[in-house]
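Accompanying notes for the structure given below.
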2 protein chains.
Amino acid sequence: MSGRNEIKPPAKPASIKDIARLAKVSHSTVSRALHNHPLVNAKTAERIRQLARKHGYRPSAAARSLVTQRSFTIGVVVTTISDPFVAGVVGGIEEIAAAHGFSVFLANSNADPEQEVRVVQSFDERRVDGIVVTSSRVGALYVPVLSRRQVPIVLLNNQHPSQFAYSVVINSTQGASDVTAHLIELGHRRIAFLGDEFGRQSDTERLAGYREALTQAEIPFNRHYIVHGDGKAEGAITAMGKLLALPQRPTAVVCYNDMSALGAMHCIHGAGFTIPGDISLVGFDDLHMSQYLNPPLTTIRQPMHEMGRLAMQTLIAILSGVISQQNFTVPGQLIVRASTAPPRKEP
Amino acid sequence: MSGRNEIKPPAKPASIKDIARLAKVSHSTVSRALHNHPLVNAKTAERIRQLARKHGYRPSAAARSLVTQRSFTIGVVVTTISDPFVAGVVGGIEEIAAAHGFSVFLANSNADPEQEVRVVQSFDERRVDGIVVTSSRVGALYVPVLSRRQVPIVLLNNQHPSQFAYSVVINSTQGASDVTAHLIELGHRRIAFLGDEFGRQSDTERLAGYREALTQAEIPFNRHYIVHGDGKAEGAITAMGKLLALPQRPTAVVCYNDMSALGAMHCIHGAGFTIPGDISLVGFDDLHMSQYLNPPLTTIRQPMHEMGRLAMQTLIAILSGVISQQNFTVPGQLIVRASTAPPRKEP
DNA sequence: CAGTCGGCTGCAAACGTGTGCATCACTTGA
DNA sequence: TCAAGTGATGCACACGTTTGCAGCCGACTG
């Protein structure tokens, strides 16, 4: 927090009064002309607009929002923008925001509570009109802001949903169930689950979906087949190692997400096994790269871009006073690729 | 550009005058107390600060920047945040920005000129203190803003550098030369280059580096070994297909970036060849996933996060009035992994 | 010809903050 | 006792907009 000192101001841009002086009218008239207000003479208005264009006049958003009490900005908090899923979501948010004249503030929290507090303060000072929180573990932390300033908050795939906020979530249970069912249909019975120890809500739900499919097929649950990584490739490698060390190895693994599947894939290949020959592998997300992996990954597609769009559309609806649905659950779609196949025949 | 109408304002937050009323002092005193100005009584100041904290007072950034003529915001333009390289850069920018009390506006241009104009206008209205443009083809487009308002602009890996702006670029020539030399050292002589038809500056430079290494080793240049994709996996697949169709296939391929390498890898495997057995493959970027590919990818590491940090640090230096170096060229680092090996012995 | 009305324009206040300058109370020194 | 000085505070203006209201001018009506 240093360095906010001794900073020199840039050149001053043209103000509405400058334009007024040039047009020989009051600044009120200029304001009205630029807003196409009907109460200003058509010819004068056109003359003013031309002058404004000529001098590259841009109204100050700060001054405007001071009087209108609306900033036309929203804040987006993410754990890290380097996560490809998060980046996809942010892309969707930004697209809709821009189309409606909103600018978006992006802030990384790095899952650091102290940093999250700073982000909230920053958004508060900026008087953002709304907030989207993606994949955070502490979305609830943002609720105080909401209660004080009535700023609508949309939680996207939050790990700790609050009933006081709006939300957009993937149907984790259904997705995990579908992908597990797909493996069962192929003939697998020794199916493991590689979760994310940090993914509270979604990990629980995906595990539930996995178990649901097992139950449905009357396959007994084996607790040794449940291991946990960190939702990234690194943690998945260790976790996958544990599965490979089991006396009776699984013939298929359901991974928490595609990045975990990538790590697991790396581990499996490193140990000299083949996919899907020795082990079938599935992910969750359908990241852009997943279709090009070797082998291409079977997974549950999470429409990240659309989810981002939906979050922003919800925000705009709320701000427009439209009564919006509180909670959206979007379905995942099973994408079958070459990383899954029937298990090898028992010798 | 619809929907900026009929939007209801949120609850009004506490203002400096509210705090002043509660503390029974003028708003000037409150302002000074919160800035730790020495000319206010220590006890009064503490009392005011407590009151402010108790009522969750946050000064309005808009009002402040109106009088100080500084917004403590910067604008970041990217073609698409879904590009993992771009996301890494933005992460670095945001980290430094946050540490210095700056907030960042993120805008996607989608490489659409019309959209770029809108972004410039938006940043102009918001009175951003600085701009970072990443991997754009039209960075020059932002210069008019600079000339009118003296807003410093830092171009990061821009495809059309302007001598009027600051810049941070990867040393593409050196990187491509190093990675090509690595292949030559392994014994390859039939080396192809798979470029990016849209990457003006960087494609030219990487191609130059490739040729430089060939010349150094006295390997004749073969124009049939030059093909172009689109910098993404999709385009690389088609381009790689052309190389595989050649009567005398190359034994190694230098790709424009890791995403292209991913596509090429997919194509090669799809055609039944092995890596690095039949063909050695190298990329450029060292994306996070690259180390986990099958096989792990040899590439040039581009320190994206650090480049983002450097860009933001440069911006802050300029804003602080420190005379900063105009152009930074950062070196790439050769990372050797399993996608490269000596060529198979000729039969 | 006086009065009214409609179309256009300007005045002034407000939004929330920072800051130069005047002011006030009180202490100190001669 | 009075002048000067010191420390703390308030006044008032500025920043660049938006907007309710008053006012002006010309034309039309009775």
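Both backbone and side-chain heavy atoms feed into the values below; hydrogens, waters and symmetry mates do not. Below, chain A is the first sequence line, B the second, and so on; all start at residue 1.
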*asked:* Using a heavy-atom cut-off of 4.0 Å across all strands, would you classify A/V40 as base, sugar-phosphate, or nothing?
replied: sugar-phosphate
*Those residues of residues 43-55 of chain A lying under 4.0 Å from DNA chain D by at least one heavy atom*: none
_The criterion is side-chain contact (heavy atoms from CB on, under 4.5 Å); which residues satisfy it with B/S324, sequence neighbours excluded?_
B/Y166, B/T314, B/A317, B/I318, B/F328
Donor-acceptor contacts, no H, no angles, side chain residues 51-60 of chain A, under 3.5 Å, sequence neighbours left out:
unit_1	atom_1	unit_2	atom_2	d
A/H55	ND1	A/L51	O	3.0
A/S60	OG	A/A62	N	3.3
A/S60	OG	A/A63	N	3.1

*Of all residues at least two apart in sequence or in a different chain, which pass the side-chain contact (heavy atoms from CB on, under 4.5 Å) check with B/V330?*
B/V168, B/I170, B/P303, B/M307, B/L310
*Under the salt bridge (Lys or Arg N to Asp or Glu O under 4.0 Å) test, which residues partner A/R49, sequence neighbours left out?*
A/E46
*Round to a whole Å and report the spacing from CG of A/L39 to P of D/dA22.*
15 Å
*What residues, two or more places apart in sequence or in another chain, satisfy side-chain contact (heavy atoms from CB on, under 4.5 Å) together with B/N41?*
B/K43, B/T44
*Test side-chain contact (heavy atoms from CB on, under 4.5 Å) applied to A/S15 - qualifying residues, sequence neighbours left out*: A/K17, A/D18
*Does B/A42 or B/L66 map to a spot on DNA chain D nearer the 5' end, using the closest nucleotide for each?*
B/A42
*asked:* Using the side chain to side chain donor-acceptor pair (under 3.5 Å) criterion, which residues pair with B/N110? Sequence neighbours excluded.
replied: none
*Roughly, in whole Å, what's the span from NE2 in A/H37 to P in D/dT19?*
8 Å
*With sequence neighbours left out, which residue pairs that include part of residues 312-328 of chain B fulfil the salt bridge (Lys or Arg N to Asp or Glu O under 4.0 Å) condition?*
none
*Rounded to the nearest Å, what distance is computed from the CZ atom of residue A/R64 to the C1' atom of nucleotide C/dG16?*
18 Å
_Global bending angle along the helix from C/dC1-D/dG30 to C/dA30-D/dT1, which compares the axes of five pairs at either end, to 10 degrees_ = 70°
*Report, as yes or no, whether the 6.0 Å neighbourhood of atom CD on A/Q325 holds more than 12 heavy atoms from other residues, nucleotides or ligands.*
yes
*Would you jot down, in residue-number order, the residues of residues 15-36 of chain A having a non-hydrogen atom under 4.0 Å from DNA chain D?*
A/S15, A/I16, A/K17, A/H27, A/S28, A/S31, A/R32, A/H35
_On the nucleotide D/dG16, are OP1 or OP2 found under 4.0 Å from the side-chain N or O atoms that B/Q69 carries?_
yes
Without placing hydrogens or testing angles, list every side-chain donor-acceptor pair under 3.5 Å for residues 88-99 of chain A, not counting sequence neighbours.
unit_1	atom_1	unit_2	atom_2	d
A/E94	OE1	B/N108	N	3.4
A/E94	OE2	B/N108	N	3.3
A/E95	OE2	A/R309	NH1	2.5

*In whole angstrom, give the distance that lies between atom CG of A/N41 and atom C1' of C/dG6.*
13 Å
*Do B/T73 and B/R126 have side-chain N/O donor and acceptor atoms under 3.5 Å apart?*
no
_Separation of atom CZ in B/R58 from atom P in C/dT17, rounded to whole Å_ = 12 Å
